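Note that the coordinates shown come from a computational prediction; the quantities given were computed from them, not determined experimentally. Along the sequence shown, the residues carry numbers beginning at 1. Side-chain atoms are counted along with the backbone in the values below, which use heavy atoms only and exclude waters and symmetry mates.
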Amino acid sequence: RQLINLSGDVELNPGPIDVTFGTLNCRGLKNKNKYNQLVNRINCTQFGTTSLIFAMQETHIEHNSLKFNWKGNHIFTEGCGNKGGLITLLSDNMIMLEELHLEYEAQISLVEILEHKLKTKLIIVNLHSPCSHDENKTNFFKEIKQKITDLLSKHVDARVIILGDFNTTFKDEERNGTIRSISEKKIANRID
């Protein structure tokens, strides 16, 4: 205990790290009012939490204008017309260490949270999976899994957080008034 006190950089009781997560399929943010309202609402959510990670899919935004609206850090993957586009908003106590983009449909980033002399590494995945229930979806998740595995081999202490739109239901009770197809059940079993 005396050695810990002498080192000066070890927190005796660091406690849990307070992180708030959110995800939203936007279905387009080209309308400036919708975009501004959403970012302002998320900015307000940030108060009262130490760390915030908010993932948005299908933003359809082609140019990064977040530097004018968001007070923290962010990861931006542009959309292509009415296709794709991802934004992950991070509070300002998170530092980007590594960033990967899989076209318009996935971001994989390694961030570090700096909180009370404590450093925590997170691998954050923000994804928008293909809608089909075929080999394209299986390959999409295989590629993401491989990228996560590669990052974990270099950063074994990192925790993985996956947010986004899987375009798949994993259990029958998740469906609302419809029945899952056999192909959807097979894909869900492969990626679960």
*asked:* side-chain contact (heavy atoms from CB on, under 4.5 Å) for L163 and V125? Distances and angles first, verdict last.
replied: CA-CA 6 Å; L163 303 163; V125 180; over 6 Å; no

*asked:* Checking Q37 against N33 for the side chain to side chain donor-acceptor pair (under 3.5 Å) test, could you report, in this order, the C-alpha distance in whole Å, the side-chain angles of both residues, the deciding distance, and whether it holds?
replied: CA-CA 6 Å; Q37 282 179 341; N33 287 335; over 6 Å; no

*Step by step, would you call L89 with I87 a side-chain contact (heavy atoms from CB on, under 4.5 Å)?*
CA-CA 6 Å; L89 302 176; I87 298 172; 3.7 Å; yes

*Carefully, step by step, assess L97 and K121 under the rule side-chain contact (heavy atoms from CB on, under 4.5 Å).*
CA-CA 9 Å; L97 300 176; K121 289 182 184 174; 4.2 Å; yes

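Among all heavy-atom pairs drawn from S153 and V156, the shortest one is O-CG1, 4.2 Å. Minimum heavy-atom separation, C131 to N167: SG-ND2, 3.6 Å. Across every non-hydrogen atom of M56 and T59, the tightest pair is CB-CG2, 4.0 Å.
Contact of the T120 side chain with the V19 side chain is not registered, since no non-hydrogen atoms from C-beta on lie closer than 4.5 Å. The closest side-chain heavy-atom distance from E105 to T77 is not below 4.5 Å. In this structure, the side chains of F54 and L90 stay at 4.5 Å or more apart for every pair of heavy atoms. At a threshold of 4.5 Å between non-hydrogen side-chain atoms, the residues I123 and H155 do not count as touching. Between I53 and M94, some side-chain heavy-atom pair lies under the 4.5 Å cut-off. Residues L38 and C26 are in side-chain contact: their nearest non-hydrogen atoms beyond the backbone lie under 4.5 Å apart. Inter-residue side-chain proximity for N73 and I95 is flagged as unmet; no heavy-atom pair is nearer than 4.5 Å. In this structure the side chain of N93 reaches within 4.5 angstrom of the side chain of S51, judged on heavy atoms.
Rounding to the nearest 0.5 Å places CD1 of I124 at 10.5 Å from CD of E99. For the atom pair K147 NZ and L110 CG, the distance stands at 14.5 Å (nearest 0.5 Å). The OG atom of S181 lies 6.0 Å from the NE2 atom of H133; values are rounded to the nearest 0.5 Å. Note: E58 CD to H128 NE2 = 3.5 Å, rounded to the nearest 0.5 Å. Atoms CD1 and OG1, on I161 and T23 in that order, are 12.0 Å from each other to the nearest 0.5 Å. Taking CD of E112 as the reference point, atom CG of D157 lies at 8.5 Å (rounded to 0.5 Å).
The backbone N or O of T169 lies less than 3.5 Å from a partner atom in the side chain of E184, making a donor-acceptor pair. A donor-acceptor pair is defined here as one N or O able to donate and one able to accept, closer than 3.5 Å; no such pair exists between the side chain of K185 and the backbone of K171. Side-chain N or O atoms of S91 include one that pairs as donor or acceptor with a backbone N or O of L52 at under 3.5 Å. Checking side-chain atoms of K34 against main-chain N and O of L29 turns up no donor-acceptor pair under 3.5 Å.
Checked by atom type, the side-chain pair E143/N139 shows no donor-acceptor distance below 3.5 Å. In this model, no donor atom of one side chain and acceptor atom of the other lie less than 3.5 Å apart for K30 and H60. Inspection of the S129 and D165 side chains reveals no N or O donor paired with an N or O acceptor under 3.5 Å. Side-chain contact annotation: Q107 with H101, donor-acceptor N/O pair under 3.5 Å absent.
Residues F141 and F166 place their aromatic rings such that the two centres sit under 6.0 Å apart.
Between Q57 and the choices T88, N25, N126, the side-chain hydrogen bond (donor to acceptor under 3.5 Å, both in side chains) rule is met once, by N126.
Taking hydrophobic clusters as Ile, Leu, Val, Met, Phe, Trp and Tyr residues chained together by side-chain heavy-atom distances below 4.5 Å, L151 shares a cluster with F140. Residue L86 is not grouped with residue F21 when hydrophobic side chains (ILVMFWY) are merged at heavy-atom distances under 4.5 angstrom, including chains of intermediate members.
Judged as a side chain to side chain donor-acceptor pair (under 3.5 Å), and not counting sequence neighbours, E103 has no contacts.
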